[in-house]
Amino acid sequence: QIQLVQSGPELKKPGESVKISCKASGYTFTNYGMYWVKQAPGQGLQYMGWINTETGKPTYADDFKGRFVFFLETSASTAYLQINNLKNEDMATYFCARGNWELPDYWGQGVMVTVSS
Amino acid sequence: DIQMTQSPASLSASLGETVTIQCRASEDIYSGLAWYQQKPGKSPQLLIYGASSLQDGVPSRFSGSGSGTQYSLKISSMQTEDEGVYFCQQGLKYPLTFGSGTKLEIK
């Protein structure tokens, strides 16, 4: 069955970096893009962008240009999200989701990132 | 960006009741609309795509309809396990955008 398994919760200080992984199984990794979605506490869903798993090319939504990096380890069917120079407003749960055209159809369980000094 | 407006923000329904949630897009999205259910502490689960196609494994009491800028999700007979937050999402243009969510509870 199709699964996206993400890494565990993170506790970081402002200014630090965090790397979140998303390991895919049950399908051919390079046949589908990977979306990243942010959900702040008690809030809705915010699209961050996506990465083309065939070429490795990332595309970022406007609010996520600069400190956010999407990359792949294709041999391990794993996508990564790295957030640099963490700010308080980055405190949220981050989801990866398989991109079936413009449809996030299967989602990871989410990673809660806490930013606190 | 395409704005998605969902209504109502919350509602409560009795077991067996029919529930309808609305979603309006700021421009025509040509049925490029999906619905998700999210339970507390869990990831969103896809229910409906292409405005009216039921995702595999989703109970048939869920249905979607609409066209142009107006879409709706219907639950034909509310069950306890249907409690959660429902989001719509447009997939016509990047950036993908989501509605603000509808919290559905049992009355």
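Model, not experiment: these values are computed from the prediction. Letters A, B, ... mirror the listed sequences (proteins, then strands); counts begin at 1. In what follows, every heavy atom counts, from backbone to side chain, and hydrogens, waters and symmetry copies are set aside.
- Taking hydrophobic clusters as Ile, Leu, Val, Met, Phe, Trp and Tyr residues chained together by side-chain heavy-atom distances below 4.5 Å, L96(B) shares a cluster with F95(A).
- Hydrophobic clustering places L54(B) together with L33(B) (ILVMFWY residues linked when any side-chain heavy atoms are closer than 4.5 Å, directly or through intermediates).
- The greatest number of non-hydrogen atom pairs below 4.5 Å with chain B, out of G49(A), A97(A), P104(A), G108(A), is found for P104(A).
- Along residues 67-85 of chain A, no residue comes nearer than 4.5 angstrom to chain B, judged on non-hydrogen atoms.
- Residues F62(B) and I106(B) share a hydrophobic cluster, clusters being chains of Ile/Leu/Val/Met/Phe/Trp/Tyr side chains in contact below 4.5 Å.
- Residue L46(B) is not grouped with residue L4(A) when hydrophobic side chains (ILVMFWY) are merged at heavy-atom distances under 4.5 angstrom, including chains of intermediate members.
- Judged as a ring-ring contact (aromatic ring centres under 6.0 Å, His included), not a single pair has a partner in residues 1-24 of chain A (not counting sequence neighbours).
- The hydrophobic cluster containing M112(A) does not contain L11(A), counting ILVMFWY residues as joined when their side-chain heavy atoms lie under 4.5 angstrom apart, directly or transitively.
- Looking only at heavy-atom pairs under 4.5 Å with chain A, the residue among G91(B), G101(B), A34(B) that has the most is G91(B).
- Pairs passing the salt bridge (Lys or Arg N to Asp or Glu O under 4.0 Å) check and including a residue from residues 7-23 of chain A, sequence neighbours excluded, do not occur.
- Using a 4.5 Å cut-off on side-chain heavy atoms (C-beta onward), P44(B) and L45(A) make contact.
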What donor-acceptor contacts under 3.5 Å connect chain A and chain B, backbone and side chains included?
from: Y35(A); atom 1: OH; to: Y94(B); atom 2: OH; distance (Å): 2.9
from: Q39(A); atom 1: OE1; to: Q38(B); atom 2: NE2; distance (Å): 2.9
from: Q39(A); atom 1: NE2; to: Q38(B); atom 2: OE1; distance (Å): 3.0
from: E102(A); atom 1: O; to: Q89(B); atom 2: NE2; distance (Å): 3.2
from: E102(A); atom 1: OE2; to: Y94(B); atom 2: OH; distance (Å): 3.3
from: P104(A); atom 1: O; to: Y36(B); atom 2: OH; distance (Å): 2.9
from: G108(A); atom 1: O; to: S43(B); atom 2: OG; distance (Å): 3.3

